[in-house]
Amino acid sequence: MSLPVPIPPVLVVGAGLSGLAAAATLSAAGIAVRVVEARPRIGGRVLTERRGTGGLDLGAAWVWPDHQPLLARRLRELGLATLPQFEEGAFLLEERSAVRRLGYPRRYDDARRLAGGMAALAEALAARLPDGALRLGSPVVGVTLDPTPTLLLADGQRLAGLAVILTLPPRLTARLTFAPALPDDLRRTLLAHPTWMAPHAKAIAVYDRAFWREAGLAGTAMSRRGPLAETVDLGAGGLHALAGFIGWPAARRATDATGLGAALREQLVRLFGPAAAMPRELLIEDWSASPFTAAPEDLAGPAGHPAPGDPRLAQAWHDGRIAFAGAETSAASPGLVEGALAAGERAAKVIARFLASS
């Protein structure tokens, strides 16, 4: 008796939230998937350092379930709990020569964080995939669409499938080799979309106790001096931590890593007092240094959230065999977790319609 011939999978490039959402959506519809990720881990721009039951998010950290219906639905489906962002106490404003203590309105009043860190969402989505569907540590360098959609990996291997969903940041997608080549206007559209978080770096200082809370401080600060442009209390799950976005440009961070660490400690002391001088850990994640996040054009900014994705990135291309996802391609909440999930689900549905009609 002959064995059935396995149906080729839909190939999803990237195991960030958008890629995992696309793969989980297809798998739930009974469509075989294979997710190919360059990094040795899932999550993409979600990066959680686990410490006991707590999680320290060096990438995406906040969600707004009251305003993000798709995210709220996913959290319910996956049984994931959220935590409020701590902001009880005074707000600090660091001027060039002084630190002012203010009774400022909350900046994260309706924001939530995931219990255990944002990686819990990536892990829960990945758990919805069949065994063997994830392939890590496998950068994709090219895509061939004729006669069969095929990925060319950096190590020379090829993976064939029914269709391809590309969830890389658009500027990195544009740098892949395509055969046949992408239309010029589509490639220009991809290159025009800045990568959210690519110019950024984030620091987290971990302490044995939340001494700033004891002093009546929320842990929230804004600074015109730096190197941290802002800070927030990232404590949860028994962890006591202050986190912030680093205001130094990418080029300066790359050439003065030692000076950056010292400057961060000095600033934390200016803001929160002598107890901040010796964190148990000082974690720094510079997203501009990641070749799987940042394109050269991204390093100078802009630093704000991207504009809604171009409608051309929401449609299927090459007779329905290729679709684009990723947070930057979303028409709603671009750059945010909601946008990543929405783009992944949208691309999955685009490909599913193509497969149903072919």
- Query: Would you say P139 and F292 make side-chain contact, with heavy atoms under 4.5 Å?
  - Reply: yes
- Any donor-acceptor N/O pair, R45 side chain to W196 backbone, under 3.5 Å: yes
- Task: Work out which heavy atom in K202 is nearest to a heavy atom in A61; give both atom names and the distance.
- Result: NZ-CB, 3.5 Å
- Are any of the side-chain heavy atoms of D208 and R280 separated by less than 4.5 Å? yes
- Query: Between atom CD1 of I246 and atom CG of L264, what is the distance when rounded to the nearest 0.5 Å?
  - Reply: 5.0 Å
- Task: State, with a plain yes or no, whether a side-chain heavy atom of S290 is found less than 4.5 Å away from one of R39.
- Result: yes
- Straight-line distance of S138 OG to L159 CG, nearest 0.5 Å: 7.5 Å
- hydrophobic_cluster_shared for L341 and V35, side chain cutoff 4.5 Å: yes
- Query: So, does T48 use its side chain to make a donor-acceptor pair with the main chain of R50 at under 3.5 Å?
  - Reply: no
- Message: Please report the interatomic distance OG1(T25) to CZ(R346), rounded to the nearest 0.5 Å.
- Response: 11.5 Å
- Query: How many angstroms lie between OG1 in T173 and CZ in F178, if you round to the nearest 0.5 Å?
  - Reply: 6.0 Å
- Closest non-hydrogen contact found for G326 with A343 is O-CB, 3.3 Å
- Per side chain to side chain contact (heavy atoms under 4.5 Å, CB included), S223 is matched among E230, E94, E95 by E94
- In one Ile/Leu/Val/Met/Phe/Trp/Tyr side-chain cluster, 4.5 Å: L11, V140: yes
- Query: Side-chain heavy atoms under 4.5 angstrom apart, residues restricted to Ile, Leu, Val, Met, Phe, Trp, Tyr: same cluster for F354 and L151?
  - Reply: no
- Verdict with reasoning, R312 to W317, per side-chain contact (heavy atoms from CB on, under 4.5 Å): CA-CA 9 Å; R312 284 172 290 189; W317 291 80; 4.0 Å; yes
- Under 3.5 Å donor-acceptor, R41 side chain and G44 backbone: yes
- Message: Applying the side chain to side chain contact (heavy atoms under 4.5 Å, CB included) criterion to L134, which one of V36, V12, L20 satisfies it?
- Response: L20
- Message: Strictly distance-based, threshold 3.5 Å: is any side-chain N or O of R253 a donor or acceptor partner for the main-chain N or O of D286?
- Response: no
- Query: When you measure from the side chain of E338 to the backbone N and O of L70, does any donor-acceptor pair fall under 3.5 Å?
  - Reply: yes
- Item | Verdict with reasoning, I165 to V33, per side-chain contact (heavy atoms from CB on, under 4.5 Å) | CA-CA 10 Å; I165 297 177; V33 292; over 6 Å; no
- Message: Are the side chains of V13 and T167 in contact, using a 4.5 Å heavy-atom criterion?
- Response: no
- Item | Any L186 side-chain heavy atom under 4.5 Å of L313 side chain | yes
- Around atom CZ of R224, are there more than 12 heavy atoms of other residues, nucleotides or ligands at under 6.0 Å? no
- Taking all heavy atoms of W62 and all of V337, pick out the closest pair and write down the distance. O-CG2, 4.5 Å
- Task: Search all heavy atoms of P180 against all heavy atoms of H318 and return the closest pair with its distance.
- Result: CG-CE1, 3.3 Å
- Item | Which atom of A276 lies closest to which atom of L268, heavy atoms considered | CB-O, 3.5 Å
- Please walk me through it: do W287 and L47 pass side-chain contact (heavy atoms from CB on, under 4.5 Å)? CA-CA 11 Å; W287 292 97; L47 177 58; 4.0 Å; yes
- Message: Using side-chain heavy atoms (C-beta onward) and a distance below 4.5 Å, is L355 in contact with V10?
- Response: yes
- Query: Are there more than 12 heavy atoms of other residues, nucleotides or ligands under 6.0 Å from atom CZ of R158?
  - Reply: no
- Could you give me the CA-CA distance, side-chain angles and deciding distance for R113 and D57, then say whether salt bridge (charged side-chain N to carboxylate O under 4.0 Å, His left out) is met? CA-CA 9 Å; R113 287 164 41 211; D57 284 314; 5.3 Å; no
- What are the two closest non-hydrogen atoms of F272 and L217, and how far apart are they? CD2-CD1, 3.8 Å
- Please answer whether the main-chain N or O of A198 pairs with a side-chain N or O of T293 as donor and acceptor at a distance below 3.5 Å. no
- Item | Polar side-chain atom of S18 near backbone of A340 as donor-acceptor pair, under 3.5 Å | yes
- Any side-chain heavy-atom pair from L166 and L176 closer than 4.5 angstrom? yes
- Item | salt_bridge(R213, D233) N-O dist < 4.0 Å | yes
- What's the spacing between L190 CG and E328 CD if we round to 0.5 Å? 11.0 Å
- Task: Look at E266 together with R225 and state whether they make a salt bridge at an N to O cut-off of under 4.0 Å.
- Result: no
- Message: Please report the interatomic distance CG(L92) to CZ(R270), rounded to the nearest 0.5 Å.
- Response: 12.0 Å
- Query: Within the side chain of T82, is there an N or O that forms a donor-acceptor pair under 3.5 Å with the backbone of L114?
  - Reply: no
- Item | Cluster overlap L26 with L162, hydrophobic side-chain contacts below 4.5 Å | yes
- Message: Between F91 and M222, does the side-chain contact (heavy atoms from CB on, under 4.5 Å) criterion hold? Intermediate values first, please.
- Response: CA-CA 8 Å; F91 170 92; M222 299 291 290; 3.3 Å; yes
- According to a 4.5 Å side-chain heavy-atom criterion applied to Ile, Leu, Val, Met, Phe, Trp and Tyr, with indirect links allowed, do L168 and I351 form part of one hydrophobic cluster? no
- Query: Is the backbone N or O of R187 less than 3.5 Å from a side-chain atom of T189, with the two atoms forming a donor-acceptor pair by type?
  - Reply: no
- Message: So does A221 get a backbone contact from the side chain of T231, meaning a donor-acceptor N/O pair under 3.5 Å?
- Response: yes
- Message: Within the structure provided, determine whether E49 and L58 are in side-chain contact (heavy-atom separation under 4.5 Å).
- Response: yes
